[in-house]
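Heads up, the thing below is written out as structure tokens.
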Amino acid sequence: MKWRHRFALAAILALYFVLRLPWVGHLLTWDEAMNLLSVRALAAQGGDLYSSYIWHHPPLLPLLLLAVQPLRAGFAERAEVVAIFIGAVNVLALFFLVKRTSREGVVGVALWAAFFLAVMPGAMFYDTWIKRDVLAAVFGLVALLLFIERWDMLSGAALGLAFLSKETAAFYAIAIFLLWLARRSNRRVVDLAVCAGTTVLVAGWWYVAFSGSVHYFVAFVGDLKTIQTGVQIWTRPWHYYLLKLMVNLGVLGVILCLVGVTAQAATWAKRGGSGQYLWPLFLAVPGYVILSVAKAKAPWFTTALFPALAALQGIGAYAALQGMMNLRRAFVPVAAIGLALAVFFVAQAWGRDYEQSMREQDEPIWWGCTASRQAAVELRSCMTEGQKALITPMHYWDARDVDPCPIFVYYLGDLPVLVRPYGLTADELVDAVKTYRLDWAMVSPMPGDGEKKLIEPLAKKYKIEPAVLKGAFILKTDSIYRGKRRR
């Protein structure tokens, strides 16, 4: 690789970090907060409300996060930096895979692919999340590269690590199988068997002995009634993820993807061959088909497929510029068009606001996350040393969680609280306050009847005037156990 290619790759990585590092300290989502709390519980060897969630997904990311001092303040920020560096490795893995599989090892295609992943709006957003999807993509890309190089055992080991990262590694397993089918010569069953067998050896123990996720996800995507999954929350139309491409890629990004698909089809019709360069289609097409026919569709499920989309964008951009070069045979105008294209995508990504991006991904999620943070910050500002509070789950998370919202708990910090279930009545709150001498309460009853049954009796009998927040109330309850009524 020539020095100018190394410089371009370094510039892409620098751009990657510049676009993402300002989002460190962002508003946490439910899953992120739950991951942080479960890792803290693991580090403390505790058995709190969130310790069992560590078994909900594969363990590789939580084990990595144990290295960044989960019991010290600022854990979320350190975990977000870890996530961003994992995303940078994802960009590098994509570069080397595209470089290996493009025609005659053309570096330009690989650079374009890495660039598009660095500036992709969807990737920018999810690369900062404390979730497992990007780590699974990293090992999945490495597995694809090793399989193409016919290092089957190492490919299986990398695929096993992808499965130990998240279940979406299944998309990469499908892509490897399709790559094997596409081999025109020397296609041996033993190659696939070695890869699959190594994967099972590396990751099978988790799914057999520890995983709590397999039956959950089968029920989740199939809307089975054998387990409570909250599938109704995520029920979307079949074209949900196709429409989401506009949010994750932008209009021009979708157009370049389609150009890339056309270029790959033309190359296949012209060249045939082993089909290794078709890996982006082998990854993206089955992934989007499976997710589109699934009953439940969470916004982040396609994160593991973003490298394939970036590769198609890179192939499309390179093919379009190469076509212009062949027609005009003038380097300077075509180079100017390529530069303008790059500037457009950088401008589209530059200065994006994290919370606005969250609203574009899913407005109700943003609303719930801001409400939980607001309630925690407000209650924390009210409480003084030695005071205690009662808290309940939040009504606005449609799953009707029996445990307090992890976002609220993380932002509240290490303050003494008594947890009471959702649907708490006024009499039950009064009994708890008197028994445990609680000074504050954060409650989140259902609007309407729920609020009337809980808030109005307290206001009428004890003259408590609640602080009204988004989806919650803060109550100063010390007058209840002190036997005083506020005037």
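Keep in mind that what you see is a predicted model, and the values were worked out from it rather than measured.
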Task: Modelled atom types, side-chain donor and acceptor of Trp112 and Gln313, under 3.5 Å - done: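 No, Gln313 and Trp112 have no side-chain donor paired with an acceptor closer than 3.5 Å.
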Task: Thr302 and Lys244 side chains, donor-acceptor separation under 3.5 Å - done: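 There is no such pair (donor and acceptor under 3.5 Å, judged by atom type) between the side chains of Lys244 and Thr302.
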Open item on the list: Show, in sequence, the C-alpha distance, side-chain angles and deciding distance for Asp403 and Val409, and conclude whether the side chain to side chain contact (heavy atoms under 4.5 Å, CB included) test is met.
Closed with: CA-CA 10 Å; Asp403 297 329; Val409 171; over 6 Å; no
Are [X] and [Y] packed together at the side-chain level, in the sense that at least one heavy-atom pair is separated by less than 4.5 angstrom?
| X | Y | value |
| --- | --- | --- |
| Leu161 | Val142 | no |
| Leu256 | Phe345 | yes |
| Thr303 | Thr168 | no |
| Tyr16 | Ile84 | yes |
| Arg183 | Asp191 | yes |
| Asp127 | Leu19 | no |
| Val39 | Ile130 | no |
| Glu360 | Arg352 | yes |

Flag, side chain of [X] to backbone of [Y], donor-acceptor distance under 3.5 Å:
| X | Y | answer |
| --- | --- | --- |
| Tyr172 | Ala304 | yes |
| Arg132 | Pro58 | yes |
| Tyr50 | Ala33 | no |
| Tyr411 | Arg373 | no |
| Tyr410 | Ala76 | yes |
| Ser51 | Ser38 | no |
| Arg78 | Ala73 | yes |
| Arg236 | Lys297 | yes |
| Tyr207 | Phe163 | yes |
| Thr199 | Gly156 | yes |

Atom [atom1] of [X] with >12 non-hydrogen neighbours under 6.0 angstrom:
| X | atom1 | value |
| --- | --- | --- |
| Trp151 | CH2 | no |
| Phe17 | CZ | yes |
| Gln356 | CD | yes |

Using 0.5 Å steps for rounding, measure from the [atom1] atom of [X] to the [atom2] atom of [Y].
| X | Y | atom1 | atom2 | result |
| --- | --- | --- | --- | --- |
| Thr267 | Gln264 | OG1 | CD | 7.0 Å |
| Leu249 | Phe116 | CG | CZ | 10.0 Å |
| Leu178 | Leu283 | CG | CG | 10.0 Å |
| Arg100 | Leu144 | CZ | CG | 12.5 Å |
| Glu80 | Glu32 | CD | CD | 6.0 Å |
| Phe95 | Asn90 | CZ | CG | 14.5 Å |

Open item on the list: Using the rule side chain to side chain contact (heavy atoms under 4.5 Å, CB included), only one of Leu94, Leu309, Leu312, Thr101 pairs with Pro280; which is it?
Closed with: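 The residue from Leu94, Leu309, Leu312, Thr101 that satisfies side chain to side chain contact (heavy atoms under 4.5 Å, CB included) with Pro280 turns out to be Leu312.
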- [ ] Test Leu135 against every option in Leu61, Leu164, Val89 by the side chain to side chain contact (heavy atoms under 4.5 Å, CB included) rule and name the one that passes.
- [x]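 The single option meeting the side chain to side chain contact (heavy atoms under 4.5 Å, CB included) with Leu135 is Leu61.
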Show the nearest heavy-atom pair for residues [X] and [Y], with the distance to one decimal.
| X | Y | answer |
| --- | --- | --- |
| Ala136 | Ala162 | O-CB, 3.6 Å |
| Trp397 | Ile407 | CZ2-CD1, 3.9 Å |
| Trp367 | Thr370 | O-OG1, 2.8 Å |
| Gly275 | Leu179 | O-CD2, 3.9 Å |
| Gly260 | Ile315 | O-CG2, 4.0 Å |

Open item on the list: Between Tyr126 and Gln361, does the side chain to side chain contact (heavy atoms under 4.5 Å, CB included) criterion hold? Intermediate values first, please.
Closed with: CA-CA 10 Å; Tyr126 290 115; Gln361 290 289 335; 2.8 Å; yes
- [ ] Please state whether the rings of His57 and Tyr53 are parallel, tilted or perpendicular, taking 30° and 60° as the class boundaries.
- [x]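 Judged by the thresholds at 30° and 60°, the geometry between His57 and Tyr53 is perpendicular.
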Task: Check against side chain to side chain contact (heavy atoms under 4.5 Å, CB included), Phe75 and Leu65 - done: CA-CA 9 Å; Phe75 178 37; Leu65 294 182; 4.2 Å; yes
Task: Charged N-O contact under 4.0 Å between Arg188 and Asp152 - done: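 So Arg188 does not pair with Asp152 through a salt bridge.
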Task: Derivation and outcome, side chain to side chain contact (heavy atoms under 4.5 Å, CB included), residues Phe344 and Gln348 - done: CA-CA 6 Å; Phe344 173 84; Gln348 177 182 257; 4.2 Å; yes
Task: Output field: ring centroids Tyr354/Trp23 closer than 6.0 Å - done: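 Between Trp23 and Tyr354, which both carry aromatic rings, the centre distance is below 6.0 Å.
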Task: Counterpart residues, ring pair (Phe, Tyr, Trp, His ring centres under 6.0 Å), relative to Trp238 (two or more places apart) - done: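 Residues passing ring pair (Phe, Tyr, Trp, His ring centres under 6.0 Å) with Trp238: none at all.
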